[in-house]
Protein chains: 2
Amino acid sequence: MQQFSIGELSLHAGVKVPTIRYYEQIGLLEAPLRTQGNQRRYGRAQLERLRFIAHARAMGFAMDSLRSLLRIAGHRQGPCADVDALARAHLAEVDDRIASLTRLRGELVAMLSGGRHGTVGECRIVEVLSDHEQCASAH
Amino acid sequence: MQQFSIGELSLHAGVKVPTIRYYEQIGLLEAPLRTQGNQRRYGRAQLERLRFIAHARAMGFAMDSLRSLLRIAGHRQGPCADVDALARAHLAEVDDRIASLTRLRGELVAMLSGGRHGTVGECRIVEVLSDHEQCASAH
DNA sequence: TTAATCCCTCTAGTCACTGGAGGTTCAAGG
DNA sequence: CCTTGAACCTCCAGTGACTAGAGGGATTAA
C-alpha cells in the first residue's frame, strides 16, 4: 500500500502544499497518518479525494457545493432521499453551467471563424454572458 | 437616456452595492458620472458590462480571464491577432469545462436513475472529477 | 420641509488560500 | 554510522475578492 509525503501528494494532485494543510485544517481532507517524526503520510484514497476537490474547485464549484458533492460521492451505496436531493440540485446547477458555456462557446467560435479579416458582424459575447434571463438558477 | 443609481444597478445586475464599488476601485468598471451631491449614476452600457462580469464570475472564470474576455468583447470591430489568440485560449478553456461538466452530468444522472432503490452500481463521480488526465488544460 | 431611504467614504472582517520565519526530520551519499 | 541538504513541521502574516458597519450627507415622496 502506497504512501505519499505531502510534497508527493502535492505533485500528483496539482495542489500546493500549504493548500493541502489548509484543507486539512478546515476539515475537507481528513488528517492523515503521521510518521514518528510527525510528518504526514497519505494513501491512494486521499490522493483521489484531493484530485476531486482540485478539479471541482477549478470548475468553479463553491466550497459548499463541493462539500455536498463529496457527501454524494461518499454514498456510493444507494442514495438516501437526502443525497438524492443534493444530486438533483447539482444536476440543475451543472445543466445551467453547460448551457451558459455552450452559448459562450458558440460566440467565441463565431468570432474566430466569422470576423477574421476586416469586415465583421456583431460580436455578441457581451450579450451572451450578460443576459441574465437565460440563466435558470439565481446567483 | 436611462440613468441608474448604484442601488438600481445592483438590483438589475444582481451584484451587491459594495461589490460594485469594489469593481470600480480595482478598475473592472469605469468610474461613472456623479450627481452634484457626489452620487454615482450609471447608464445602460455599464449595466451590460456589470452583468457580463457577474455572469462570467458565476461561471467560475478567474478575474484575469475575465479582464481578457472583456478585452475581447470590447473589440467588436474585427479582432487583431492579439484578441484572436485570447479568444482561442478561452475557447479551449470553455471546451474543457463543458467536457468535464458533461461527464459529471452523466454521473449524476446515472446516480439518480440507476441507484434509486437499494441495489447499486458503482458511483463514479469521484473518478469523473478526479481524473486529471482527461483535463486538457493545466490548472 | 421634513422624514425615510438611499448614498458617500473609510475601515475592518471573512474566506480561501499563499508565503515566510525559525526549527525538525528524512534519506541518500560518504 | 554520520552528515548534510532537501523536504517537512507549526505559526503567523499577507493577498485577492469581496462583505459589513460606522458615521455622516443626498434624494425624493408626502
Side-chain angles (χ1 to χ4, degrees), chain A residues 1-43 46-47 49-70 129 138-139, chain B residues 1-43 46-47 49-70 129 138-139:
Chain A
M1 168 189 159
Q2 213 165 342
Q3 298 263 94
F4 305 99
S5 72
I6 198 170
E8 287 160 357
L9 194 74
S10 166
L11 271 176
H12 288 114
V15 172
K16 292 184 180 146
V17 168
T19 305
I20 297 173
R21 291 198 271 250
Y22 172 71
Y23 285 161
E24 180 183 331
Q25 190 191 312
I26 64 169
L28 259 188
L29 233 41
E30 63 179 320
L33 299 173
R34 299 277 185 140
T35 61
Q36 286 290 350
N38 200 35
Q39 299 197 357
R40 292 166 178 84
R41 286 300 117 97
Y42 300 89
Q46 280 164 309
L47 173 58
R49 189 179 171 98
L50 181 55
R51 275 184 167 165
F52 174 95
I53 292 168
H55 208 146
R57 293 255 59 208
M59 295 191 344
F61 283 98
M63 226 62 180
D64 277 4
S65 299
L66 189 62
R67 280 180 201 272
S68 63
L69 268 174
L70 283 166
L129 275 179
H139 47 239
Chain B
M1 169 189 157
Q2 213 166 345
Q3 297 262 97
F4 305 98
S5 71
I6 199 169
E8 289 161 354
L9 194 74
S10 165
L11 272 176
H12 288 113
V15 172
K16 292 182 182 150
V17 169
T19 305
I20 296 173
R21 291 199 270 253
Y22 172 71
Y23 284 163
E24 181 183 331
Q25 191 191 312
I26 64 169
L28 258 188
L29 234 42
E30 63 179 321
L33 298 173
R34 299 278 184 139
T35 62
Q36 287 290 348
N38 200 34
Q39 299 197 358
R40 292 167 179 84
R41 286 300 116 97
Y42 300 88
Q46 280 164 309
L47 173 57
R49 189 179 171 97
L50 182 53
R51 274 184 167 167
F52 174 96
I53 292 168
H55 207 146
R57 292 254 62 206
M59 295 192 343
F61 283 97
M63 227 62 179
D64 276 4
S65 299
L66 189 58
R67 280 179 201 272
S68 62
L69 269 174
L70 283 166
L129 274 179
H139 48 240

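Throughout, protein chains are lettered first and strands after them, A, B, ... in sequence-line order, and every chain is numbered starting at 1. Being a predicted model, the structure only gives us computed values, none of them experimental.
Side-chain proximity of B:Gln39 to D:dC9, D:dG25, D:dC18: nearest is D:dG25. Listed nucleotides C:dT25, D:dT27, D:dT10 differ in distance to A:Arg34; the shortest reach to its side chain belongs to D:dT10. Of the candidates D:dC8, C:dA16, D:dT19, the closest approach to any side-chain atom of A:Arg57 belongs to C:dA16. Each of C:dC7, C:dT9, C:dT18 was ranked by its minimum atom distance to the side chain of B:Ile6; first place goes to C:dC7. For B:Ser5, the listed nucleotide lying nearest its side chain is C:dC7; candidates were D:dA26, D:dG16, C:dC7. Distance from the side chain of A:Pro18 is smallest to C:dT18 among C:dT18, C:dT25, C:dC8. Distances from the side chain of B:Lys16 to the nucleotides D:dT19, D:dT10, C:dT9 place D:dT19 closest.
In this structure, B:Glu30 places its CD atom where only 12 or fewer heavy-atom neighbours from other residues, nucleotides or ligands lie under 6.0 Å away.
The two residues A:Thr35 and A:Arg41 make their nearest non-hydrogen contact at CG2-NH1, 3.5 Å. Between A:Ser10 and A:Val15 the shortest heavy-atom distance is OG-O, 2.7 Å.
Mapping A:Thr19 and A:Asn38 onto DNA chain C by nearest heavy atom places A:Thr19 at the nucleotide closer to the 5' end. Between B:Arg67 and B:Gln36, the residue whose closest nucleotide on DNA chain D is further toward the 5' end is B:Arg67.
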### Candidate pair A:Arg49 and A:Glu24, rule salt bridge (Lys or Arg N to Asp or Glu O under 4.0 Å), full reasoning
CA-CA 12 Å; A:Arg49 189 179 171 98; A:Glu24 180 183 331; over 6 Å; no
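When heavy atoms are screened at a 4.0 angstrom cut-off, B:Arg40 is found touching the sugar-phosphate backbone but no base atom.
Computed from coordinates, the A:Leu66 CG to C:dC17 C1' distance equals 14 Å when rounded to whole Å. Separating the CD1 atom of A:Ile20 from the C1' atom of D:dT10 is a distance of 16 Å, rounded to the nearest angstrom. In this structure, A:Tyr22 places its OH atom 6 Å from C1' of C:dC15, rounding to the nearest Å.
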